[in-house]
Amino acid sequence: MKDLAHALTAANAAVFSSLGLDAKHAEVRRSDRPDLGEFQCNGALAAAKSAGKKPPEIAQSVAGAWNATELASTPTIAGPGFLNFKVTPQALANRAQVIADDARAGASVVEHPRRVVVDYGGPNVAKGMHVGHLRASIIGESVRRIYRFRGDQVWGDAHFGDWGFQMGLVITALEDELGGFDDRAKLDARLQSLTLEQLEAIYPAYAAKVKGGDIETRDRARKATAALQGGSALHREIWKAMRDVSMAAQKRDFASLGVDFDLWLGESDADPLIPDMVKDLDAKGLLEEDQGARIVRVAGPGETKKKKLEDGTVVEVESPDPLLVVSSEGSAMYGTTDLATIVQRVRDQKPDLILYVVDQRQADHFEQVYRAAAKAGYIAREQLEHVGFGTMNGSDGKPFKTRAGGVLKLNDLIGQAEEKARERLKENEIDADFSKEEFEDVAHKVAIAAIKFADLSNFRGTSYIFDLDRFMSFEGKTGPYLLYQAVRIKSILRKAEEQGVAPGPITVEHEAERALTLALDAFDGALTAAYDKKAPHFLAEHAHTLAQAFSGFFANCPILPSEGAVRASRLALAGAALKQLTLTLDLLGIDVPERM
RNA sequence: GCGCCCAUAGCUCAAUUGGAUAGAGCAUCCGCCUUCUAAGCGGACGGUUGCAGGUUCGAGUCCUGCUGGGCGCGCCA
């Protein structure tokens with residue numbers, strides 16, 4: 001299934017070849033200058049050098065030899081040798097018809113499907129879901145859907161943070177609270193009554209204690225971590241109670257956000273692989289003793305950086321830093337777990353590619369892990385990719401905080417967005433004939449669409465400013481706008497059904513019909529860009545241009561009020577637009593209500 | 001100190017291997033509801049792409065330097 005740009009490129013390549021020009025310069029793409037043409041080819045400029053001719057001459061000969069007149073009229077030449085193409089109404093109509101008849105709405109699939117693990121979400125058992133997990137979850141979910149839609153076999157893995165030092169720290173806090181774990185009945189009762197809210201309160205308090213220089217607590221927590229990982233039944237039992245409480249709450253939060261996983265695994269699931277892995281690393285001669293810990297050096301020859309020590313002296317050290325595999329207490333660090341998780345995934349999913357949708361700030365860490373994995377021969381370096389993203393900031397440009405300065409819980413954030421959605425619905429008097437259930441469902445969908453679209457319309461790598469009022473706004477490039485466009489089309493299709501009006505063969509005559517068809521045609525390009533770059537914002541952008549193109553069509557081309565073949569054609573175009581818009585939004589993880 | 005990332009319209013953000021006149025949304029201003037949902041549509045205004053050089057037919061994009069901001073730098077994750 002080729003879009004118009006590919007069809008034009010193929011036709012143009014044939015012309016280039018027939019003129020003895022290198023076909024690689026024949027690429028045709030959407031025009032930057034809609035006033036001059038719908039598609040453009042810049043290849044005459046690039047081909048000029050090797051052909052030993054001037055660009056305008058080449059452009060002239062290409063135009064003269066153009067023979068795909070069923071596709072586009074003879075290209076015009078502008079500037080220093082740009083070729084501008086205008087597609088024929090028939091070719092546009094054909095393309096629109098193909099999209100209308102295609103369940104995938106014109107989207108292609110990958111030539112060679114791969115096995116891909118997408119690691120995202122990454123909630124921490126001791127912390128509970130807050131806005132910090134929003135981007136990882138939203139972007140990861142979208143990447144998972146995009147990869148699967150393109151034809152790859154995909155596993156999304158939550159990779160719960162349920163195994164590190166934080167678990168030892170929370171266990172230590174509980175020990176302090178109970179005055180030790182000797183009283184079995186007391187411990188059981190406490191574990192029974194444990195809530196996520198309590199865990200969320202305990203962890204930051206103790207983390208602050210340790211950070212503030214409480215060496216004694218730190219060492220006890222490290223020992224507790226080592227005990228847990230060493231298989232202590234008591235520690236394991238306490239850990240399990242904490243994990244269960246946390247997991248249940250997080251599953252609810254993920255469901256509310258419309259984020260799902262194929263594998264609900266965590267760091268602890270990779271733990272059983274660690275002893276053998278450490279032996280293996282040792283056997284391969286990769287482990288070294290260093291300051292009581294065991295490390296793997298990952299820097300290549302000549303890779304160094306300067307480092308300033310605490311006493312002020314500057315020394316030359318290897319770069320990247322070595323990966324710390326076994327701490328001086330004998331416990332696993334997060335790098336250890338990440339490495340073991342690679343071993344686990346290679347064993348279980350045999351992935352061609354593992355994508356880590358994790359905060360950009362962890363780039364150095366992943367570089368260490370990836371190099372270590374490659375060095376140990378577990379997987380090739382190119383099969384591991386960190387899909388990093390920027391932070392979500394408050395209006396002050398700093399990482400998002402509540403007015404009180406704390407972290408905003410995910411559940412509260414969604415609640416705030418829903419409340420704004422309810423206000424909007426009521427202001428527009430949409431709620432009159434809605435049941436309470438439908439009203440709440442629509443409010444929820446509008447809220448999630450607003451939050452997700454705001455996030456996904458920015459390139460993932462850059463940080464963005466979170467402004468709920470703007471995201472939920474009446475006007476503009478927002479999630480609610482896109483839902484509104486989709487819902488308008490649904491309304492038309494319902495009315496057509498009631499009136500017994502059926503879609504028919506598509507013709508493209510009106511300027512707004514051309515624009516809509518060209519927007520529909522651009523879907524595959526947006527999809528492949530999003531796929532190749534692991535960047536959903538290309539699809540968010542597409543959803544917006546498509547919605548706008550439809551809106552222009554809607555305003556200029558009456559559908560039901562028109563008649564006969566024109567009405568049937570426009571109805572088919574509207575149906576195609578709805579199908580593709582719904583699909584695009586689904587790839588972003590956004591659900592469309594029936595009406596709003 | 002060393003390293004990575006970023007700097008685009010008043011604000012929030014785009015710009016596919018380097019391509020023509022750098023695009024959207026918001027805000028401001030002007031039009032459009034007796035036609036299918038006006039959460040809409042059309043138009044106007046708005047730019048020395050942080051600064052200075054370089055590479056070439058051509059630079060927001062590549063290179064060097066500078067300024068300003070963010071982040072990271074073994075026993076947290």
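Below, chain A is the first sequence line, B the second, and so on; all start at residue 1. Any value given below was found using the heavy atoms of this structure, including those in side chains, with hydrogens, waters and symmetry copies removed.
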Taking only side-chain nitrogens and oxygens of A:Ser319, does any of them come within less than 4.0 Å of OP1 or OP2 of B:G3?
no
Based on Watson-Crick and G-U pairs with both distances under 3.5 Å, what dot-bracket line describes RNA chain B 5' to 3', crossing pairs as [ ] and inter-strand pairs as |?
(((((.(..((((.....[...)))).(((((.......))))).....(((((..]....)))))).)))))....
A:Leu468 CG to B:U12 P, straight-line distance once rounded to whole Å:
17 Å
Looking only at side chains, do A:Asp338 and A:His365 share a donor and an acceptor under 3.5 Å apart?
yes
Would you mind calling B:C33 syn or anti? Take O4'-C1'-N9-C4 for purines or O4'-C1'-N1-C2 for pyrimidines, and syn is within 90° of 0.
syn
Does A:Tyr481 make a side-chain N or O approach to OP1 or OP2 of B:C41 shorter than 4.0 Å?
yes
Give one of base, sugar-phosphate or nothing for A:Gln360, where a contact means two heavy atoms less than 4.0 Å apart.
nothing
Could one point to a donor on the side chain of A:Asn84 or the base of B:A20 with an acceptor on the other under 3.5 Å away?
yes
A:Asp32/A:Arg29 ion pair, N-O < 4.0 Å
yes
Does the base of B:A39 carry an N or O that pairs as donor and acceptor with the side chain of A:Tyr484 under 3.5 Å?
no
Could you give the CD-to-C1' distance, from A:Glu288 to B:G74, as a whole number of Å?
13 Å
For A:Phe82 and B:A20, do the ring centres fall under 5.5 Å apart while the planes stay under 30° apart?
yes
Regarding A:Tyr464, tell me which of base, sugar-phosphate or nothing describes its non-hydrogen contacts under 4.0 Å with the strands shown.
sugar-phosphate
OP1, OP2 of B:U37 versus side-chain N and O of A:Lys495: anything below 4.0 Å?
yes
Can a side-chain donor-acceptor contact be found between A:Gln250 and A:Ser246 if the only test is distance below 3.5 angstrom?
yes
Looking at every strand, decide which applies to A:Ala363 at a 4.0 Å heavy-atom threshold: base, sugar-phosphate, or nothing.
nothing
Hits for ring-ring contact (aromatic ring centres under 6.0 Å, His included) against A:Phe160, two or more places apart or cross-chain, chain-then-number order -> none
Checking all strands, does A:His544 fall into the base, sugar-phosphate, or nothing category for heavy-atom contacts under 4.0 angstrom?
sugar-phosphate
Just checking A:Ala78: base, sugar-phosphate only, or nothing, at a heavy-atom cut-off of under 4.0 Å?
base
Please state the P separation for the pair B:A59 and B:G42 - nearest whole angstrom.
33 Å
With distance as the sole criterion, is a donor-acceptor pair present between the side chains of A:Arg150 and A:Thr528 under 3.5 Å?
no
Quick check on side-chain hydrogen bond (donor to acceptor under 3.5 Å, both in side chains): which of A:Asp455, A:Asn458, A:Thr391 does A:Tyr464 satisfy it with?
A:Asp455
Hey, does the side chain of A:His537 come within less than 4.0 Å of B:A15's phosphate (OP1/OP2), counting only N and O?
yes
Taking B:A52 as the reference, what is the distance to B:U8 when you measure between their P atoms (whole Å, please)?
16 Å
Using atom CZ of A:Arg361 as one end and atom C1' of B:G3 as the other, report the distance to the nearest whole Å.
17 Å
Judged by each residue's nearest nucleotide on RNA chain B, which is more toward the 5′ side, A:Ala332 or A:Ser457?
A:Ser457
Taking only side-chain nitrogens and oxygens of A:Arg218, does any of them come within less than 4.0 Å of OP1 or OP2 of B:C76?
no
Phosphate contact (B:C41 OP1 or OP2) by A:Ser551 side-chain N/O below 4.0 Å:
yes
Pairwise C1' distance for B:G40 and B:G46, with rounding to whole Å
24 Å
N/O donor-acceptor pair, side chain A:Ser491 with base B:C36, under 3.5 angstrom
no
Under a 4.0 Å threshold between the charged nitrogen and the carboxylate oxygen, would A:Arg371 count as salt-bridged to A:Glu367?
yes
Would you classify A:Cys557 as touching base, sugar-phosphate or nothing, given that sugar-phosphate means primed atoms plus P, OP1 and OP2, and contacts are heavy atoms under 4.0 Å?
base
Using a heavy-atom cut-off of 4.0 Å across all strands, would you classify A:Val317 as base, sugar-phosphate, or nothing?
nothing
Roughly how many Å apart are B:A7 and B:U49, using the P atom of each and rounding to a whole number?
14 Å
Residues A:Lys2, A:Asp521: salt bridge by 4.0 Å N-O rule
no
Can you pull out every salt bridge (charged side-chain N to carboxylate O under 4.0 Å, His left out) where at least one residue sits in residues 464-476 of chain A? Sequence neighbours excluded, please.
A:Lys420-A:Asp469
Carboxylate-amine/guanidinium proximity below 4.0 Å for A:Lys426 and A:Glu423:
no
Any donor-acceptor pair under 3.5 Å joining the side chain of A:Gln40 to the base of B:A20?
yes
Over how many whole Å does the gap from A:Leu493 atom CG to B:U37 atom P extend?
11 Å
Could you measure between the two C1' atoms, the one in B:C76 and the one in B:G54, and give it in whole Å?
45 Å
With a 4.0 Å limit, can you tell me whether A:Arg494 has a side-chain N or O closer than that to the phosphate oxygens OP1/OP2 of B:C36?
no
Nucleotide B:C11, atom P - distance to CZ of A:Phe466 in whole Å:
21 Å
For nucleotides B:C6 and B:U61, find the distance between their C1' atoms and express it as a whole number of Å.
14 Å
Which whole number of Å gives the distance between the P atom of B:G1 and that of B:C63?
23 Å
Under the rule syn = chi within 90° of 0, otherwise anti, which is B:G74?
syn
Among A:Phe366, A:Tyr356, A:Tyr120, exactly one meets ring pair (Phe, Tyr, Trp, His ring centres under 6.0 Å) together with A:His386. Which residue is that?
A:Phe366
When all nucleic acid strands are considered with a 4.0 Å heavy-atom cut-off, which category describes A:Leu45: base, sugar-phosphate, or nothing?
base
What nucleic acid atoms does A:Pro322 come within less than 4.0 Å of, heavy atoms only: base, sugar-phosphate, or nothing?
base
Atom CG of A:Asp359 and atom P of B:C76: how far apart are they, to the nearest Å?
19 Å
Just how far, in rounded Å, is P of B:G42 from CG of A:Asn556?
8 Å
Can you tell me, in whole Å, how much space there is between the C1' of B:U12 and that of B:U64?
32 Å
Between atom CG in A:Leu539 and atom C1' in B:U16, what is the gap in whole Å?
13 Å
Side-chain N or O of A:Gln548 versus OP1/OP2 of B:G25: is the shortest distance under 4.0 Å?
yes
For A:Gln485, report the nucleic acid contact type (base, sugar-phosphate, nothing); a contact means any heavy atom under 4.0 Å.
sugar-phosphate
